[in-house]
Amino acid sequence: MFVNNKWGFNIAGKQYKNRIIAAGVLILLFTLGMAIDEGDYLAGKHTSVTAYLQVYSAFPLLLVYIVPFDILMKRLGQKYGLSGFELLTAVACGAFIPAAFAGEINDGFSGWMRHLMGRAYSDAWLGSLETGIVEELLKLGTVALLVYLFSRKSRQDYLSVGMSVGMGFQIEEDLAYITESGFKHVNSAFPTALDRIVGALGSHWAYTGLAAVGLYLIVRSRDDHHVRKGVFWIGCVIANHALYDTPIGNVNLFSALLTAAVVLPVLFFLKSPEMAMDKD
């Protein structure tokens with residue numbers, strides 16, 4: 001049904017056109033991301049098939065966290081009316097849009113800063129801050145595009161789509177770490193996979209889920225208070241991510257504290273009574 005407002009514009013037709021454009025942008029970014037990410041799974045020209053099989057055999061270990069997440073998202077989908085197609089699309093987009101472009105931007109930033117600052121540049125600190133900002137904003141942009149395309153407006157929609165985008169990013173990043181280390185030293189593939197599993201509890205799925213709640217508070221805000229809360233949560237995610245990538249994150253106690261600081265709010269929002277009542 002097409003509705004005309006007082007200015008004479010066809011609102012329904014305009015929204016349909018905008019969603020077609022959004023879908024086109026999403027497909028374009030997804031295709032480019034796939035082409036970029038392809039390099040993460042390839043080794044040198046003379047790498048044997050046996051080496052590929054040895055490295056790739058570490059991939060199934062990631063099912064340790066993928067399967068429980070899949071069960072959780074199926075339950076959330078049934079509870080909040082999100083289709084499996086929407087959640088799977090969010091996972092795929094998280095893997096092939098922000099993950100691909102974040103890697104290119106991070107590499108470009110590091111190279112530029114080393115050229116500009118020389119030995120004064122610290123990738124462990126300044127690079128970690130840049131990584132936290134770039135990766136979280138790219139994932140959040142992907143969430144925004146998806147919730148608009150799917151016409152999703154509730155807090156639970158933003159949280160679920162955000163968690164799914166983050167999980168896609170997380171899977172792609174973990175696979176890239178496994179192949180990067182494995183093709184250098186085949187015996188490193190399994191230890192790297194185990195290390196990535198250990199860090200999966202409070203990783204990108206939680207970062208992006210929490211940031212998506214912040215985006216919801218900003219976009220669907222009723223007043224400035226909600227906007228400030230939204231900015232606060234997004235800022236907390238960026239700060240947490242940046243600190244986790246610094247040498248501070250290598251200290252087990254601080255790593256555990258940073259993980260708890262991002263996972264607990266996600267659990268709070270999942271259990272919040274507002275989630276059940278929010279159907280706007």
Side-chain angles (χ1 to χ4, degrees), residues 62 64-82 86-88 90-91 93-95 98-99 132-133 135-144 146-147 152-174 196-221 226-245 249 254-279:
L62 301 184
V64 169
Y65 69 76
I66 293 174
V67 171
F69 183 83
D70 179 62
I71 294 172
L72 171 63
M73 297 314 296
K74 283 183 178 178
R75 291 184 177 179
L76 290 180
Q78 293 172 353
K79 184 175 182 180
Y80 298 130
L82 285 157
E86 289 172 324
L87 296 175
L88 185 60
V91 171
C93 287
I133 294 172
E135 291 186 358
E136 295 311 323
L137 292 183
L138 285 175
K139 288 184 293 177
L140 202 55
T142 304
V143 172
L146 286 168
V147 293
R152 292 292 181 172
K153 299 178 180 180
S154 69
R155 185 182 311 200
Q156 54 264 35
D157 294 334
Y158 276 71
L159 177 59
S160 300
V161 171
M163 291 168 62
S164 298
V165 168
M167 178 53 69
F169 188 103
Q170 184 171 326
I171 294 171
E172 159 57 25
E173 184 176 71
D174 289 352
R196 301 304 297 180
I197 291 171
V198 170
L201 176 60
S203 192
H204 293 284
W205 71 271
Y207 287 145
T208 316
L210 187 55
V213 172
L215 178 65
Y216 165 83
L217 291 171
I218 294 172
V219 173
R220 311 291 295 177
S221 65
H226 284 84
V227 174
R228 288 193 295 270
K229 285 179 63 177
V231 173
F232 169 79
W233 285 119
I234 294 172
C236 284
V237 167
I238 293 174
N240 190 299
H241 186 169
L243 286 172
Y244 190 86
D245 287 345
F254 287 108
S255 175
L257 289 173
L258 290 171
T259 297
V262 71
V263 173
L264 288 177
V266 172
L267 295 179
F268 169 79
F269 282 119
L270 285 173
K271 292 293 185 178
S272 173
E274 294 180 8
M275 289 286 288
M277 296 185 295
D278 183 9
K279 300 295 183 181

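Along the sequence shown, the residues carry numbers beginning at 1. Note that the structure is predicted; figures quoted are calculated from it, not measured.
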>> Minimum heavy-atom separation for H226 and L217, please, with both atom names.
In response: O-CB, 3.5 Å
> Between R152 and L82, does a side chain to side chain contact (heavy atoms under 4.5 Å, CB included) hold up when you go through it step by step?
Replying inline: CA-CA 9 Å; R152 292 292 181 172; L82 285 157; 3.6 Å; yes
> Of the options V213, V219, L146, which is the one that meets Y158 in a side-chain contact (heavy atoms from CB on, under 4.5 Å)?
Replying inline: V219
> What closest approach, in Å, do A144 and V147 show between heavy atoms, and which atom pair accounts for it?
Replying inline: O-CG2, 3.3 Å
> Residues two or more places apart in sequence or in another chain: which of them pass salt bridge (Lys or Arg N to Asp or Glu O under 4.0 Å) with E172?
Replying inline: none
>> Would you say that more than 12 heavy atoms from the other residues, nucleotides or ligands in this model lie under 6.0 Å from the CZ of F69, or not?
In response: yes
> Can you tell me how far the NZ atom of K139 sits from the CG atom of L215, to the nearest 0.5 Å?
Replying inline: 13.5 Å
> Roughly how far, to the nearest 0.5 Å, is the CG atom of N240 from the CG atom of L258?
Replying inline: 5.0 Å
>> Using side chain to side chain contact (heavy atoms under 4.5 Å, CB included), reason through W233 and F269 one step at a time and then give a plain yes or no.
In response: CA-CA 12 Å; W233 285 119; F269 282 119; 3.7 Å; yes
>> With rounding to the nearest 0.5 angstrom, report the OG to OH distance, S160 to Y80.
In response: 7.0 Å
> salt bridge (Lys or Arg N to Asp or Glu O under 4.0 Å) with K74: which residues, sequence neighbours excluded?
Replying inline: D70
>> On a heavy-atom basis, which atom in M73 and which in L87 lie closest, and how many Å separate them?
In response: O-CD1, 3.5 Å
> What heavy-atom pair brings P98 and T142 nearest, and what distance separates the two atoms?
Replying inline: CD-OG1, 3.4 Å
>> I want to check something: taking the side chain as every heavy atom from C-beta on, are R155 and R220 in contact at a cut-off of under 4.5 Å?
In response: no
> With side chains defined as the heavy atoms from C-beta onward, is the minimum distance between Q156 and K79 less than 4.5 Å?
Replying inline: no
>> Would you compute the distance between atom CD1 of I234 and atom CD1 of I133 and round it to the nearest 0.5 angstrom?
In response: 13.0 Å
>> Once rounded to the nearest 0.5 Å, what's the spacing between atom CD1 of I197 and atom CG of D174?
In response: 8.5 Å
> Below 4.5 Å, heavy atoms only, C-beta onward: do H241 and V262 meet side chain to side chain?
Replying inline: no
> Rounded to the nearest 0.5 Å, how far apart are CE of M163 and CG of L76?
Replying inline: 6.0 Å
> Where is the tightest heavy-atom contact between A212 and V143, given as atom of each residue plus distance?
Replying inline: CB-CG1, 4.1 Å
> Where is the tightest heavy-atom contact between Q170 and S203, given as atom of each residue plus distance?
Replying inline: OE1-CB, 3.3 Å
> After noting the C-alpha distance and the side-chain angles of D157 and Y216, does the key distance pass the side chain to side chain contact (heavy atoms under 4.5 Å, CB included) rule?
Replying inline: CA-CA 9 Å; D157 294 334; Y216 165 83; over 6 Å; no
>> For I171, give me all partners under side-chain contact (heavy atoms from CB on, under 4.5 Å), at least two apart in sequence or on another chain.
In response: Y65, I66, M167, L175
> For the residue pair Y207 and H204, is the inter-centroid distance of their aromatic rings smaller than 6.0 Å?
Replying inline: yes
>> Just so I know, are the side chains of F254 and L243 near enough to count as touching, which here means a heavy-atom distance under 4.5 Å?
In response: no
> Would F169 and T208 count as a side chain to side chain contact (heavy atoms under 4.5 Å, CB included) if you check the C-alpha gap in whole Å, the side-chain angles of each, and the deciding distance to 0.1 Å?
Replying inline: CA-CA 9 Å; F169 188 103; T208 316; 5.9 Å; no
